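Data first, discussion second: the structure below is written as structure tokens.
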Amino acid sequence: MAVTVTNRAKYLLANGDLVPGTTDLRMGLLETLAGHTNVPDINTVTELEAHADFAELTGASGYARVALTSEAASEDDANDWALIDADDVAFGALGTGGTIVGFFIVEYVDGTGNDIVISVGDLTSTPTNGGTVTVTTPNGILKLT
């Protein structure tokens, strides 16, 4: 699974405005993720949606972005990276008719296109079937190398 961090997230981290466990971070799901080339320059969900490479999940009833819990930063000196991770995210009762291919993390602003995109990651293609879909991010929501 690839996860790409936006330049806006890097700026917010450098400026002290993105603090794991304090900043309201939420995960959204993508039904289109054609590649990671355009990810770094994206600032908001509106900009994400403006690219043909990305589309937020719309084909499944019951979908809404979910707040992350237990966000924490860790350091790995042996592998020379730092990581921000969170608990697995459960999206409950997603109606049939959608296919999930990726996720995005936002800093919540108002739940609209104004939310700030932090990172985008791809997932194994998963059709929605009315049940809960749980997203695990083995490489974290944001990895700094």
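We're numbering straight along the sequence, starting at 1. This one's a predicted model, so the numbers in the text were calculated from it and none came from an experiment.
Here the CD atom belonging to E75 is positioned 9.5 Å from the CG atom belonging to D80, to the nearest 0.5 angstrom. Considering OH of Y11 and CD1 of I116, their distance stands at 10.5 Å, rounded to 0.5 Å. With rounding to the nearest 0.5 Å, the separation of CG in L123 from OG1 in T136 is 9.0 Å. Between atom OG1 of residue T137 and atom CG of residue L142 there is a gap of 10.5 Å, rounded to the nearest 0.5 Å. Within the model, atoms CG of L57 and CD1 of I100 stand 5.5 Å from one another, a figure rounded to the nearest 0.5 Å. To the nearest 0.5 Å, atoms CD1 (I118) and CD (E107) are separated by 5.5 Å.
Between G131 and N129, the shortest heavy-atom distance links the atoms N-OD1, 3.0 Å. Heavy atoms only, all atoms of each residue included: T4 and H36 are closest at OG1-ND1, 2.6 Å. The two atoms that bring L30 and F103 nearest to each other are CD1-O, 3.8 Å, heavy atoms only. Smallest separation of non-hydrogen atoms from V3 and S119: CG1-CB, 3.9 Å. Heavy atoms only, all atoms of each residue included: N114 and T44 are closest at O-CG2, 4.1 Å. Summarising the geometry of T134 relative to A90, their closest heavy-atom pair is OG1-CB, 4.0 Å, with the distance given to 0.1 Å.
Contact of the D122 side chain with the V101 side chain is not registered, since no non-hydrogen atoms from C-beta on lie closer than 4.5 Å. Within the 4.5 Å cutoff, no side-chain heavy atoms of T99 are placed close to those of E31. Under the 4.5 Å side-chain criterion, counting only non-hydrogen atoms from C-beta, L25 is in contact with E71. Within the 4.5 Å cutoff, the side chain of D110 has heavy atoms near those of the D115 side chain.
Counting only residues at least two apart or in different chains, side-chain hydrogen bond (donor to acceptor under 3.5 Å, both in side chains) contacts with residues 19-28 comprise D24-R26.
A donor-acceptor distance shorter than 3.5 angstrom exists from the side chain of R65 to the backbone of T112, with no hydrogens or angles considered. Distance alone, capped at 3.5 Å, is enough to place a donor-acceptor pair between the Y63 side chain and the L29 backbone. With hydrogens and angles disregarded, a donor-acceptor distance shorter than 3.5 Å links the side chain of T128 to the backbone of G95. Put simply, the side chain of N7 gets close to the backbone of P40: a donor and an acceptor are under 3.5 Å apart.
One hydrophobic cluster, built from ILVMFWY side chains closer than 4.5 Å, cannot hold both M27 and V19; they sit in different ones. Linking Ile, Leu, Val, Met, Phe, Trp and Tyr whenever their side-chain heavy atoms come within less than 4.5 Å puts L144 and I84 in one cluster. Residue I42 is grouped with residue L33 when hydrophobic side chains (ILVMFWY) are merged at heavy-atom distances under 4.5 angstrom, including chains of intermediate members. Both V133 and F104 are assigned to one and the same hydrophobic cluster, defined by single-linkage of ILVMFWY side chains at heavy-atom distances under 4.5 Å. Hydrophobic clustering (side-chain heavy atoms under 4.5 Å, transitive across Ile, Leu, Val, Met, Phe, Trp, Tyr) keeps Y108 apart from V45.
The side-chain contact (heavy atoms from CB on, under 4.5 Å) test with T6 is passed by exactly one of N43, V39, L12: V39.
Side-chain polar atoms of D87 and T69 form a donor-acceptor pair below 3.5 angstrom.
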